Amino acid sequence: MCGIVGYVGEQHPKEFLLDGLKKLEYRGYDSSGIAIKNNDNIQIIKCTGKISDLEEKINKENLISSKIGIAHTRWATHGEANETNAHPHKVGKVTLVHNGIIENATDLKNKLVNDGVVFRSETDTEVACAVISKYYKGNPIEAITEAIQLLKGSYAFGVLFEDQDKLYAVRKDSPLIIGLGKKENYIASDIAAIIKYTDQYILLNDDEVVELSGENVTVYKDGKKIKKEIQTSTMTIEDANKGNYKHFMLKEIMEEPIVLQRTLNKYINNMDQMVDISPYEEIHIVACGSALYAGMIGKCLLEEKANIKCMTDVASEYRYKKIIYDRKTLVILVSQSGETADTIAAMRKAHEEGIDTLAIVNVKTSTIAREAKQTLFIEAGPEIAVATTKAYLLQVAMFSLIALKAAHSKKLEKNYKEIIEEAKQLPDYLRKVLNDKDVFAGIGKEIKGARDAFYIGRGVDYAMCEEGSLKLKEVSYTHSDAYQAGELKHGTISLIEDGVPVFAIITDDKIKDKTESNVIEVESRKAKIYTITNDASIMNHHFKYVVEKISDYFQPVLIVPPLQLIGYYTALERGLDIDKPRNLAKSVTVE
Ligand code: AGP
């Protein structure tokens, strides 16, 4: 996902732009660039690789004096990661940076080429820039408002005009924040880039065009000025920094007891305010990646405990497949960022069919949070590491609360009060697990050379395997697969050979013996078994870690952090870029 920052004020923009890009690095990128201007002179400097490479290049240049600029980190969608395709792009008097994807770029480009426009890059962004340039006759608001009528897809633009001393911006489906400073104002893809300068911001709605000078911020809709509410961010500068931790990922895992406490405090003490989904007869849980795996845990709990029929689906499939809706269907969208394109599309599909939606979201200013019929916010705070940990854990905890509420409403949970009381101990149980983090560092050392790893479990334990496997893959680049424990013998067991690490998750009393027999199957083929369980009686084949045995509703909350730490420490042993794994973006805002 690309990152955008922009500055207009009394200082030279270089420091703000580079600092802002560094705060957006976690979003994932492969090239970057800045554009600054002074009167009619625009200076553009672009570079593939890291922000540090761009900074080095900038420091070698004679920078023009300037009080206004835009900058961008690019995660390549249209056209490979090279300097020509890096942003900013300039056509005519217009210079622009873009986050999103223009779906009708090819058609527009063909028409513009016929009009004699010469393109240098392969990007959809340069096409958007050319469209704005085509309509620019001296009035930036008019030009942008005209141009966006022709653009299909998603965009957040930061725009400079050669003959204007103001900064312009507009968004549709891609996030953009307008920061309000003292004699200076900012644009940014998210609050982390500007929190060092201000906690005052404006949220743009789709197709609202904003004009910024050092003194004023004016927002237009269809060419007419509109009033906007000024919001105050709760994010702190510490949130945007690693503190004493080597990586954001470890910091965010270690924050889990705090953010879990914050989320429980918000809900557990007034469960009568918790969303009650018991009236619905069918639940569709739709998400991507880790959010989907949290949903899989939710499915198990809702079916087992609340007797509600559930299905889970990958948002990128769900949005296109034929769905037979029953009027009593609820679609639950799970998304940390609230900006995942496929999940947004799945939500809008449900709305088109008149189906209720409930979103479980972290980012309060996000598209999903604003469009879902109901939204439950997890209180994870900003999650900077690309690999989700604390947000995923709170998504799981939220499903625990939803399932408990539904079971209680249907008079299916006789131990309701005790479970509520036990849930209040969760942060302390979790602290105990995290205090053993060196145990999992030891596993990272043991498996750092492994080519493959497997995670096996049944029912809800299998759902946790999926997340454990994904964490290992995405940060340590170790190939791994999660399997229903009974499924391995139907083919994949052929991959089990001497020393292959197999992680067994065993928490479900009803089927623990079955999983244990699958463990013995793979151990007899010389796999190295790492068991994570809530049952001290489970056999220790090579390594066994036992967490507190608590109610089924909240048990996953204690099992998942060891899996997250194993992924982290394996990557640490391999010396990888843990907070910004290759090819990954924090939020996939394109299809
Ligand atoms: C990051 O660790 C996850 N692996 C990634 O799959 C993420 O869960 C997925 O992209 C969905 O993101 P969202 O929660 O912001 O919608």
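The structure displayed is predicted, hence computed values, not measured ones.
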Interatomic distance, CG@Asp579 vs CE@Met249, rounded to 0.5 Å, equals 8.5 Å
Check against salt bridge (Lys or Arg N to Asp or Glu O under 4.0 Å), Glu282 and Lys309
CA-CA 5 Å; Glu282 179 162 350; Lys309 195 172 139 205; 3.4 Å; yes
For the pair Lys299 and Glu303, find out whether any cationic side-chain nitrogen is under 4.0 Å from an anionic carboxylate oxygen.
yes
Name all residues meeting the side chain to side chain donor-acceptor pair (under 3.5 Å) criterion together with Glu371; count only those two or more places apart in sequence or in a different chain, and write none if there are none.
Arg348
Heavy-atom check, side chain of Thr531 versus side chain of Asn540, under 4.5 Å
no
So, Arg171 side chain and Leu204 main chain: donor-acceptor pair closer than 3.5 Å or not?
yes
Is it the case that Thr507 and Asp461 place a side-chain donor and acceptor less than 3.5 Å from each other?
yes
Answer with yes or no whether the side chains of Glu422 and Ser551 bring together a donor and an acceptor at under 3.5 Å.
yes
Using a strict 4.0 Å threshold on nitrogen-to-oxygen distance, state whether Arg431 and Asp428 make a salt bridge.
yes
Candidate pair Glu497 and Arg451, rule side chain to side chain contact (heavy atoms under 4.5 Å, CB included), full reasoning:
CA-CA 11 Å; Glu497 55 192 19; Arg451 190 193 58 200; 3.5 Å; yes
Within-4.5 Å side-chain heavy-atom neighbours: Ile505 and Thr515:
no
Do Glu523 and Lys526 sit within salt-bridge range, that is, some charged N less than 4.0 Å from a carboxylate O?
no
For the residue pair Met274 and Leu376, establish whether any side-chain heavy-atom pair is separated by less than 4.5 Å.
yes
So, Ser537 and Asp535: side-chain donor and acceptor under 3.5 Å apart, yes or no?
yes
Could you state the interatomic distance from OG (Ser480) to CD1 (Ile447), rounded to the nearest 0.5 Å?
9.0 Å
Can you find a side-chain donor-acceptor pair between Asn534 and Gln555 that sits under 3.5 Å?
yes
Side-chain contact test, heavy atoms from C-beta onward, threshold under 4.5 Å: evaluate it for Asp173 versus Ile344 and give yes or no.
no
Look only at the side chain of Ser154 and the backbone of Ile101, and say whether a donor-acceptor pair between them is shorter than 3.5 Å.
yes
Which residue in the set Ile308, Ile355, Asp356, Val275 passes side chain to side chain contact (heavy atoms under 4.5 Å, CB included) when paired with Leu330?
Asp356
Between the side chains of Lys424 and Glu421, is the shortest nitrogen-to-carboxylate-oxygen separation below 4.0 Å, so that they form an ion pair?
yes
Please lay out, stage by stage, how Ile420 and Ile268 fare under the test side chain to side chain contact (heavy atoms under 4.5 Å, CB included).
CA-CA 7 Å; Ile420 291 282; Ile268 204 86; 3.9 Å; yes
Kindly determine whether Asn362 and Tyr392 satisfy side chain to side chain donor-acceptor pair (under 3.5 Å), including the steps that lead there.
CA-CA 10 Å; Asn362 189 34; Tyr392 163 81; over 6 Å; no
Testing Tyr545, Tyr455, Phe454, Phe503 one by one against Tyr530 for a ring-ring contact (aromatic ring centres under 6.0 Å, His included), which residue passes?
Phe503
From Glu252 CD over to Ile384 CD1, what is the distance, rounded to the nearest 0.5 angstrom?
6.0 Å
Could you tell me whether the side chain of Lys410 and the main chain of Ser278 form a donor-acceptor pair under 3.5 Å?
no
Say whether, by atom type as modelled, one donor and one acceptor occur between the side chain of Lys471 and the main chain of Leu565 under 3.5 angstrom.
no
How long is the gap from CD on Gln374 to CG on Leu358, to the nearest 0.5 Å?
6.0 Å
Between the side chains of Glu255 and Arg262, is the shortest nitrogen-to-carboxylate-oxygen separation below 4.0 Å, so that they form an ion pair?
no
Is it the case that atom NZ in Lys514 sees more than 12 heavy atoms from other parts of the structure closer than 6.0 Å?
no
Keeping the roles fixed (side chain from Lys405, backbone from Met271), state whether a donor-acceptor pair exists under 3.5 Å.
yes
What are the two closest heavy atoms between Ala403 and Leu301, and how far apart are they?
CB-CB, 3.8 Å
Look only at the side chain of Glu467 and the backbone of Ala294, and say whether a donor-acceptor pair between them is shorter than 3.5 Å.
no
How far apart are the closest heavy atoms of Pro556 and Asp552, and which atoms are they?
CD-O, 3.5 Å
Lys172 and Asp206 have their tightest heavy-atom pair at CA-OD1, 3.3 Å
Keeping the roles fixed (side chain from Thr533, backbone from Ile506), state whether a donor-acceptor pair exists under 3.5 Å.
yes
Return yes if a side-chain donor-acceptor contact under 3.5 Å exists between Arg574 and Thr478, otherwise no.
yes
Taking atom NZ as the centre, does Lys411 end up with more than 12 heavy-atom neighbours from other residues, nucleotides or ligands that are less than 6.0 angstrom away?
no
Any idea which heavy atoms bring Gly444 and Thr570 closest together, and the distance?
CA-OG1, 3.6 Å
Got a second to check how far Ile368's CD1 is from Gln336's CD, nearest 0.5 Å?
10.5 Å
Does either side chain, that of Thr329 or that of His284, offer a donor lying less than 3.5 Å from an acceptor on the other one?
no
Quick one: closest heavy-atom pair of Lys549 and Asp509, and the distance?
NZ-OD2, 3.1 Å
Which heavy atom of Val259 sits nearest to which heavy atom of Lys390, and what is that distance?
CG2-CB, 4.1 Å
Lys373 side chain reached by His351 side chain, heavy atoms, under 4.5 Å
yes
With no hydrogens and no angle check, do the side chains of Tyr568 and Gln564 hold a donor and an acceptor under 3.5 Å apart?
no
Do Glu379 and Thr263 meet the criterion of a side-chain donor-acceptor pair at a distance under 3.5 Å?
no
Given side chains that start at C-beta, do those of Arg370 and Asn205 come closer than 4.5 Å, heavy atoms only?
yes
Thinking salt bridges, do Lys152 and Asp107 make one under a 4.0 Å N-O criterion?
no
Less than 4.0 angstrom from a charged side-chain N to a carboxylate O is my criterion; do Asp508 and Lys510 meet it?
yes
Main-chain N/O of Gly491 paired with Ser494 side-chain donor or acceptor, under 3.5 Å:
yes
Can you confirm whether the side chains of Ser409 and Asp276 place a donor and an acceptor under 3.5 Å from each other?
yes
Between the side chain of Gln261 and the main-chain N/O of Pro427, is any donor-acceptor distance below 3.5 Å?
no
Would you check if Pro175 and Asn99 make a side-chain contact, meaning some heavy-atom pair closer than 4.5 Å?
yes
Treating Ser189 as the side-chain partner and Ile4 as the backbone partner, does any N or O pair qualify as donor plus acceptor under 3.5 Å?
yes
Check whether the side chains of Tyr462 and Glu487 place a donor and an acceptor atom closer than 3.5 Å, and report yes or no.
no
NZ (Lys364) and CG (Leu203) are apart, to the nearest 0.5 Å, by 12.5 Å
So, do Ile532 and Ile566 sit near enough that their side-chain heavy atoms are less than 4.5 Å apart?
yes
